[in-house]
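Single-structure report; data block below.
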Amino acid sequence: EPHDIQKAMALEKERLAASVRGRGQDVYSPPDGKKRGGYQEYTSSMPKWNLNANNTSAAALLAMKRLRELDALGVLQKRSEEKIDLFVQRPQKDLMLFYSGKSLKYCNLKSTSAQTGEDDQDVGIQTDDWIDEPVEETKAAFSLGQSSQLLPFLRRVIPLFEASFEEKSQGPTLDAERTAASLQSPTLQVTCGLPNTYISTFIGATPTVQDITMCPNWCGADYALVLYNWPEEGPRNLPEDSSTLAKFLRPFRSAIGVYRLPTTPSSEGTANLKPNRMLTSVSRVNSIAVVEGRPHLIVGGSDTGSLSIWDLRESARPPRDSSDVEHSELPSPDPTIAHFQGSIWNLPIFSTDLYASVGGSRKGKAVVLDEEGAEQGGTPHHAEICCLRSSDAQNGDALIFCLDVSGVVSFWRVLERTNAVLKTALALQGQLSLGEGNRLFGDYLDASYLCVHPQQQVQFVVLSSAGVQQTGRRGGKSGISGPTEGPKKLELNRFRGGFGGALGEDGGDLEEFAITPTLEEPVCGAFCPFLPGVLLVAYADGDLALFDTALSVPVTHWACAIPQTPNRDISVAWSKRRPSVFFVKCGTALDVWDLCENVHGPAISLDVARDLGLSGLPSPSTSLSGTASELLIDTHGRPLISYGGITAVVGLPAAYTTPLQAPPLRTAWASQPMDELLKIGHERDVYPTLEKLARKVDVPIDSQVERDVLVGVLAGMQPMQAST
């Protein structure tokens, strides 16, 4: 019974207590007085106090007195609690604990599987075809405003699809064979321009091509950027019923047309009169440049000395009037005019005019920013900008060189910031004036062109009425930063009055070479991208000179080599595929030079109007400030030329666009560097060479053979040819 069990347990407890008391031990102490369990080796180090009131020892009384004093002072009430986290674990779901197998609940579980074969059986039922018609879903998506996200996506993806379809339809091997067979002579492949109806209706004057540049590999294709300028005929009083496009174009003085170029070369001539984008400016832009390494950014220099930036990533907008309100108009029945009524227009996202200060002591001056965004004084340009060029991207960043007609050169970097009011801006890196000390012209240099050394950002060359000047950003008084950078001035081998008047009265050295500032003025130049210091310079009187910037005199000089001269609108450019090929364009003449084939004259001479079928175009008019460039070479080695407001892509035979893979027989000679010819121990007895200190240029593998051939050709050329 339960009562009997409880009585038996009580008797057992009394018997155990009596046996313990008989031995004189505590009930809870072990019989041998030793500790049991895990605490047998543990000894507490905490001080012990006997707080019993019967404890009358001196130490106990002193401790009690101290506790009463602390209680009277309120020390115990001033105590605070501090909490710290010794261990933190994020909440875990049961499913994650099961997958990891780390919890006590799932740590001993094992996963097993067995193949039964039932999943190998496939049973299907034939039903009607399923047709997806997401009409209602599409309407709901556009009603929520997602169309603004879809249009930018299509603008970037559609060119990729077009390029893929074009390459797929033609085929690389078949297209190369067809192009090589058809291009036995230069042909007109693509023409880019503005339609006549647009020019006569909205511009009223024949536009001129001021500059040409290339936007490489943007959205899967190459784009040509053509700068159009037109004369200002005074204010035009537009009627109130004029179209929105006419009111929108009224204040603009320059426009940049962005044209997509075909991915693969073609021998068929096609006309592209519908630019993909139109970049506008209220000031007359004289030169443009694409930032190297960031092809979506275009920088332009105006006649007021200001710089502007356009970003191709910005969404294009339709034309709007001065109220900045988009009006809904019926499209024009003319398809060319209707194209310009669409969303193809972009305005500058930045201009140095934004830094103009209208109050305080800096009234009337412009303020520019440094790399940290701080104000850095006034604008360096007080005259119109004539040339703007971008250096090669070094360490992921390019430098913009800006030259005005007075000889002032400024250096800028493009800043792209995410947490700023101006997300894209220009930061001034420095400036220098090449016209200082020229008392004859009042420190006015009359500069026209600027060339930057390939694959670096320090050395550059300025062409002006004073000749060809070589300088650097971090140079000293002479503008040269080191002994290996060459002389300050590059001049032709012509004396002022012959040898009779060249000697001084004291029998000293010859006078400096001089260039007549009228006919022998350098107007254009270009560096060979495959060699560190080979510079080609064109002069207004028709001369061509090939310089090595380490020497003050030209390597060779072709007198009267340019047709249709004297002329200031001359453009020269090197091929981007073949190191020994360069191009010269003047008026309607286009010459193709191949130094491996002929060093005395051009290999191909073309008349653009007659040979390319452009005779129906109006003759090119004189530019307002001199053209910056009428010639550009694309990535395929094809020249882009401007004539009569039209930009044409000229197809060349494959021999002029494919690099040589074996040296020609007439140039197969053995060469040896001069440093290896010096005898050991006599290095200081001869004129020291700069071969060991020469700067290297990265060259593609398929162009290295022809690069070495060009070095030998330049070493064997005569210094002067048919000079008169």
Side-chain angles (χ1 to χ4, degrees), residues 172 176-177 179-180 183-186 214 216 265 392 451-456 525-538 544-551 554-556 558 561 572-585 590-606 631-640 650-674 676 691 694-718 721:
E177 295 176 355
T179 304
L183 294 182
Q184 298 299 329
S185 60
M214 178 71 67
D392 293 332
C451 304
V452 184
H453 280 247
Q455 299 184 12
Q456 57 106 348
F527 275 101
C528 178
F530 302 93
L531 293 175
V534 176
L535 174 66
L536 178 66
V537 180
L544 278 175
L546 195 62
F547 288 93
D548 183 355
T549 54
L551 306 174
V555 175
T556 188
W558 297 282
V572 297
W574 287 85
S575 173
K576 297 181 180 180
R577 296 283 297 164
R578 288 197 54 188
S580 60
V581 174
F582 64 87
F583 304 85
V584 181
K585 200 263 180 191
L590 175 64
D591 293 342
V592 183
W593 291 66
D594 188 354
L595 297 181
C596 290
E597 181 179 346
N598 184 11
V599 297
H600 302 284
I604 299 177
S605 295
L606 297 176
L631 177 65
L632 177 70
I633 311 302
D634 66 354
T635 55
H636 301 285
R638 302 173 300 177
L640 278 72
V650 181
L652 297 177
Y656 297 96
T657 58
T658 305
L660 300 178
Q661 301 303 317
L665 296 178
R666 56 182 174 274
T667 60
W669 55 70
S671 61
Q672 189 175 3
M674 187 175 295
E676 298 180 1
E691 182 70 23
R695 184 172 51 86
K696 304 299 181 182
V697 175
D698 296 334
V699 179
I701 298 177
D702 58 347
S703 301
Q704 292 179 359
V705 174
E706 186 170 349
R707 188 272 313 271
D708 298 337
V709 173
L710 178 61
V711 172
V713 170
L714 296 179
M717 296 179 69
Q718 299 295 327
Q721 297 187 15

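Since the structure is predicted, the reported quantities are computational estimates derived from the model, not experimental observations.
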Say whether, by atom type as modelled, one donor and one acceptor occur between the side chain of Trp574 and the main chain of Ala526 under 3.5 angstrom.
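Side chain of Trp574 to backbone of Ala526, a donor-acceptor pair under 3.5 Å: yes, one is there.
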Strictly distance-based, threshold 3.5 Å: is any side-chain N or O of Trp558 a donor or acceptor partner for the main-chain N or O of Val599?
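Side chain of Trp558 to backbone of Val599, a donor-acceptor pair under 3.5 Å: yes, one is there.
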So, for [X] and [Y], which heavy atoms are closest and what is the spacing to 0.1 Å?
{"X": "Ile633", "Y": "Ser575", "value": "CG2-CA, 4.1 Å"}
{"X": "Arg707", "Y": "Leu531", "value": "CD-CD2, 3.7 Å"}
{"X": "Leu652", "Y": "Gly637", "value": "CD1-O, 4.1 Å"}
{"X": "Ser703", "Y": "Pro579", "value": "O-CG, 3.8 Å"}

Going from [atom1] on [X] to [atom2] on [Y], what distance comes out if it is rounded to the nearest 0.5 angstrom?
{"X": "Asp702", "Y": "Arg578", "atom1": "CG", "atom2": "CZ", "result": "12.0 Å"}
{"X": "Leu660", "Y": "Leu710", "atom1": "CG", "atom2": "CG", "result": "10.5 Å"}
{"X": "His453", "Y": "Phe527", "atom1": "NE2", "atom2": "CZ", "result": "3.5 Å"}
{"X": "Thr635", "Y": "Arg577", "atom1": "OG1", "atom2": "CZ", "result": "8.5 Å"}
{"X": "Asp548", "Y": "Cys528", "atom1": "CG", "atom2": "SG", "result": "11.5 Å"}
{"X": "Leu640", "Y": "Met214", "atom1": "CG", "atom2": "CE", "result": "5.0 Å"}

Quick one: does [X]'s side chain get under 4.5 Å of [Y]'s, heavy atoms only?
{"X": "Asp591", "Y": "Ser605", "result": "yes"}
{"X": "Phe530", "Y": "Pro454", "result": "no"}
{"X": "His636", "Y": "Thr657", "result": "no"}
{"X": "Ser580", "Y": "Val713", "result": "no"}

Would you call the rings of Phe582 and Trp593 parallel, tilted or perpendicular, taking 30° and 60° as the class edges?
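Judged by the thresholds at 30° and 60°, the geometry between Phe582 and Trp593 is parallel.
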Testing Gln455, Glu706, Gln704 for side chain to side chain contact (heavy atoms under 4.5 Å, CB included) with Val699, which one passes?
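Answer after filtering Gln455, Glu706, Gln704: Gln704.
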